[in-house]
Amino acid sequence: MNQSEALAIVREHLTEHRYQHTIGVMETAILLARQYGADEKKAEIAAIFHDYAKFRPKEEMKQIILAEKMAPDLLQYNSELWHAPVGAFLVEKEVGIADMEILNAIKYHTSGRVGMSILEKIIYLADYIEPGRQFPEVEEVRELAKKDLQLALIKAVQNTISFLMNKNQPIFPDTFHTYNDLIANRRTLVDE
Ligand code: DGI
Ligand code: FE
Ligand code: FE
């Protein structure tokens, strides 16, 4: 599937704003893949479809999570988390993408997971730093991403957790597990 075919498919499922975000994630993910030696084509396709399920009705997502026996505790946390695993499922079923690396990058783009692949890291980070993101903390992560994928990702996950905590939001355990795994495996400290 080429880029314009993939974009045409996903556009039907997104608002204009979310479609522009998707283009930003795609362009960022391709550059990160080139920079860090990941598969550019897989990064492109994963980025294009990462928010495929963003606008599915909650009830439909809930039924898929139950029927497909996805992590049951997902349903106890923010429904904003659901579009990632449900998206991976629907992209396989409806679009016919079978590549597990691409599907896992979609599946884990919101929470991350322990032992993330380079493609998963790139999609998580591209989603966080794409040019349309404008919150103040993003600039530091953009700078880190130019030098060190791992440090940039740690900062992005830290910021996400802090942001949610400041809003008194519950934190999905996988998000903490991602953070702990990245910290355990880091080569250099951000603040030391
Ligand atoms: O889909 P996007 O808006 O592009 O970005 P995303 O998929 O990374 O995040 C979607 C939302 O999920 C965002 O508003 C923050 C929220 N979120 C991310 N991690 C967690 C979370 N919400 C809870 N409750 N817990 C998390 O760990
Ligand atoms: Fe998302
Ligand atoms: Fe996104």
Side-chain angles (χ1 to χ4, degrees), residues 6-7 9-11 13-33 43-58 60-62 64-65 70-91 95 97 102-114 116 119-138 141-142 145 152-183:
L7 285 172
I9 293 170
V10 84
R11 190 168 202 164
H13 296 268
L14 302 177
T15 59
E16 183 58 26
H17 179 78
R18 186 59 42 176
Y19 180 70
Q20 293 306 325
H21 160 71
T22 294
I23 304 246
V25 177
M26 176 189 79
E27 288 170 348
T28 306
I30 292 170
L31 291 174
L32 288 172
E44 176 190 84
I45 296 294
I48 290 173
F49 289 105
H50 85 282
D51 276 339
Y52 180 80
K54 189 83 179 172
F55 299 103
R56 291 291 163 131
K58 274 188 205 171
E60 184 185 343
M61 291 198 281
K62 192 171 174 179
I64 290 171
I65 288 166
M70 294 173 187
D73 59 342
L74 267 174
L75 295 175
Q76 285 152 33
Y77 290 87
N78 195 334
S79 59
E80 282 291 328
L81 290 155
W82 302 353
H83 73 286
V86 170
F89 172 76
L90 290 175
V91 161
V95 186
I97 290 170
I102 294 174
L103 295 175
N104 282 333
I106 298 169
K107 185 171 181 177
Y108 298 109
H109 87 263
T110 304
S111 64
R113 66 159 161 170
V114 170
M116 289 171 87
L119 192 68
E120 290 165 24
K121 291 174 181 173
I122 283 171
I123 299 304
Y124 187 104
L125 194 58
D127 192 19
Y128 190 85
I129 65 171
E130 64 93 0
R133 300 288 201 199
Q134 282 170 352
F135 43 94
E137 304 79 18
V138 77
V141 183
R142 284 191 184 118
L153 188 63
I154 289 173
K155 200 74 199 167
V157 174
Q158 284 172 335
N159 289 350
T160 299
I161 291 172
S162 299
F163 171 78
L164 292 165
M165 290 182 91
N166 284 329
K167 290 205 309 171
N168 294 319
Q169 288 259 347
I171 315 269
F172 187 52
D174 281 10
T175 304
F176 280 130
H177 294 147
T178 303
Y179 169 75
N180 287 336
D181 182 53
L182 292 170
I183 288 292

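First listed ligand is number 1; within each ligand, the first listed atom is number 1.
At least one donor-acceptor pair closer than 3.5 Å links the side chain of T178 to the backbone N or O of S111. Checking side-chain atoms of H50 against main-chain N and O of A47 turns up a donor-acceptor pair under 3.5 Å. A side-chain donor-acceptor contact under 3.5 Å links H109 to the backbone of I106.
Among heteroatoms of the N, O or S kind in H83, NE2 lies nearest the Fe ion (ligand 2).
Summarising the geometry of V91 relative to F49, their closest heavy-atom pair is CG2-CB, 3.8 Å, with the distance given to 0.1 Å. Across R113 and N104, no two heavy atoms sit closer than the pair NH2-ND2, 3.6 Å.
Look at E80 and K54 and you find a salt bridge, because one of the NZ, NE, NH1 or NH2 atoms lies within 4.0 Å of a carboxylate O, short of that distance. Contact check on D127 versus R133 returns a salt bridge, with a Lys/Arg side-chain nitrogen under 4.0 Å from an Asp/Glu carboxylate oxygen.
Annotation: ring-ring contact (aromatic ring centres under 6.0 Å, His included) contacts of Y124 (sequence neighbours excluded): none. For the ring-ring contact (aromatic ring centres under 6.0 Å, His included) test, no residue two or more places apart in sequence or in another chain qualifies with F89.
One distance of note links CE of M26 with CD1 of I48; it measures 5.5 Å at 0.5 Å rounding.
Around the Fe ion (ligand 3), the protein N, O or S atoms closer than 2.8 Å are H21 NE2, H50 NE2, D51 OD2, D127 OD1, listed by chain and residue number.
Residues of the protein with a heavy atom under 4.0 Å from ligand 1 are R18, H21, D51, K54, N78, E80, L81, H83, H109, T110, D127, R133, L164, Q169, P170, I171, F172, T175, listed by chain and number.
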